[in-house]
Amino acid sequence: MTQKNERIPDQRFVTPDAAGMSKAARELASGQLVAFPTETVYGLGADATNEQAVASIFEAKGRPKFNPLIVHVPDIVAARRYVDFNDNAERLADAFWPGALTMVLPRRTDSNLSLLVSAGLDSVAVRVPSHPIAKALLKEAGCPVAAPSANSSGHVSPTLAEHVQHSWPDSNSTGPGVIVDGGPCQIGLESTVVEVDSDGCTLLRPGGITSDDLEKIVGQLAIADGSSDAPRSPGMLARHYAPATPVILNASCPETAGAFLGFGPNMPDATLNLSVSGSLREAAANLFAMLRQLDIGKFQSIAISPIPEDGLGRAINDRLRRAATTDEETRPRHE
Ligand code: TXA
Ligand code: MG
């Protein structure tokens with residue numbers, strides 16, 4: 001019988017030597033998933049600028065919702081390419097980066113990050129990890145790396161390479177193609193997530209860095225309510241996911257003067273198609289960008305094909321139901 005944590009032979013494991021790191025970096029660059037150690041927990045990484053690669057993170061984890069992801073970068077210079085810093089962010093970065101602090105900051109409008117990384121929000125969570133293997137991988141890959149904890153949805157976060165294998169035992173599965181084995185994670189608890197504003201900071205998830213330590217730098221933290229793994233304020237999310245144009249779900253054709261967002265083959269009426277081949281991964285990758293493309297005030301409605309309620313389809317439908325909300329308070333309007 002297999003003992004807990006006993007190593008089952010698996011060609012996905014690589015040691016963090018030059019050959020292993022270059023294999024992992026190549027895997028990331030080609031849009032594949034790589035599990036790698038950070039000082040907090042193992043992450044399931046993808047190139048954060050590659051929409052399909054980011055979609056495959058959600059697919060691999062079996063997440064029913066598109067929770068926004070943390071973007072890992074090698075240093076503050078890289079972080080500045082993707083988010084707008086304020087004074088508090090400068091102070092916190094100075095005090096705790098590299099390390100177990102994730103800062104949620106406004107997404108730069110010229111950022112080339114995947115839209116799925118932010119899950120429709122106007123913010124991005126960024127972190128500079130201190131683990132030497134994570135640092136080396138970020139440097140060698142040369143791209144920002146989106147990474148949630150490397151466990152399937154509902155499981156506890158992994159602190160050993162073997163834990164990653166437990167979530168994806170089958171190397172032909174949707175999980176990582178490479179698992180960089182860096183032994184146990186020092187902190188073993190996820191990073192602290194803080195939304196950082198110039199006039200105050202809000203703790204979104206307690207983690208590796210204590211509130212006391214943070215408060216020494218930025219003063220008292222506000223505490224977000226809700227569960228630690230939920231994005232802040234569902235109301236806020238509903239607003240971000242809802243286009244200003246009314247959305248009609250499970251449609252087979254456009255309304256008069258409306259757009260039609262198709263899914264699957266043989267859709268001659270589709271203004272845009274989430275995936276002609278019917279791939280849920282491709283659809284997830286296209287979802288936010290296509291909703292934005294159609295929500296430009298030119299169409300009176302956006303009718304959307306039914307999406308199968310399995311795999312990534314559950315997360316897509318979760319977002320589509322929010323997009324179709326008729327709650328007038330949270331619906332944005334065209335100016
Ligand atoms: O230690 C960690 O943070 C690990 C390692 C791999 O870095 N990552 C991790 O990621 O725990 P994940 O996806 O399991 O948790 C990310 C948390 C979630 O609670 C998510 O809602 C929040 O960060 N988050 C990410 N982006 C956000 C955003 N733009 N606004 C608000 N919350 C955000
Ligand atoms: Mg997690």
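Remember, predicted model here, so these are calculated numbers, not experimental data. Order of appearance sets the numbers: ligands from 1, and atoms from 1 within every ligand.
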Notebook entry, point to check: Taking distance alone, with no angle check, do K61 and ligand 1 share an N/O pair under 3.5 Å?
Noted result: no

Margin query: Taking 4.0 angstrom as the limit and counting only heavy atoms of L204, give me the atoms of ligand 1 inside it, by number and element.
Written below: 31 (C), 32 (N)

Next item on the list: Could you tell me whether a side-chain N or O of N86 sits under 3.5 Å from a main-chain N or O of N88, the two making a donor and an acceptor?
Entry: yes

Item checked: Proximity to ligand 1 by part of E195, non-hydrogen separation under 4.0 Å -> neither

Checklist line | From G208, S153, P148, G207 - option closest to atom 10 (O) of ligand 1 by heavy atom | finding: P148

Checklist line | Heavy-atom proximity to atom 28 (C) of ligand 1, best of A35, P68, S118 | finding: P68

Item checked: Approximate separation, where rounding is to 0.5 Å, of M290 CE and L274 CG -> 6.0 Å

Check: Is there an N/O/S atom in S157 at a distance below 2.8 Å from the Mg ion (ligand 2)?
Finding: no

Checklist line | Expected output: side-chain T159 to main-chain V41 donor-acceptor under 3.5 Å | finding: no

Check: So is there a nitrogen or oxygen of S191 less than 3.5 Å from a nitrogen or oxygen in ligand 1?
Finding: yes

Checklist line | Atom pair CD1/CG of I179 and L33 - distance to nearest 0.5 Å | finding: 11.0 Å

Check: Can you check whether A60's main-chain N or O pairs, donor with acceptor, with W168's side chain at less than 3.5 Å?
Finding: yes

Check: Backbone or side chain, does any N or O of E190 fall under 3.5 Å from an N or O of ligand 1?
Finding: no

Check: Does F36 have its ring centroid less than 6.0 Å away from the ring centroid of Y42?
Finding: no

Margin query: Below the 3.5 angstrom mark, is there an N/O of R205, backbone or side chain, next to an N/O of ligand 1?
Written below: yes

Notebook entry, point to check: Is there a nitrogen or oxygen of R127 sitting under 3.5 Å from a nitrogen or oxygen of ligand 1?
Noted result: yes

Next item on the list: Could you tell me which residues satisfy side-chain contact (heavy atoms from CB on, under 4.5 Å) with I217, sequence neighbours excluded, listed by chain and number?
Entry: R91, L92, A95, F96

Check: Under a 4.0 Å heavy-atom limit, does R63 contact ligand 1 with its side chain, its backbone, both, or neither?
Finding: side chain

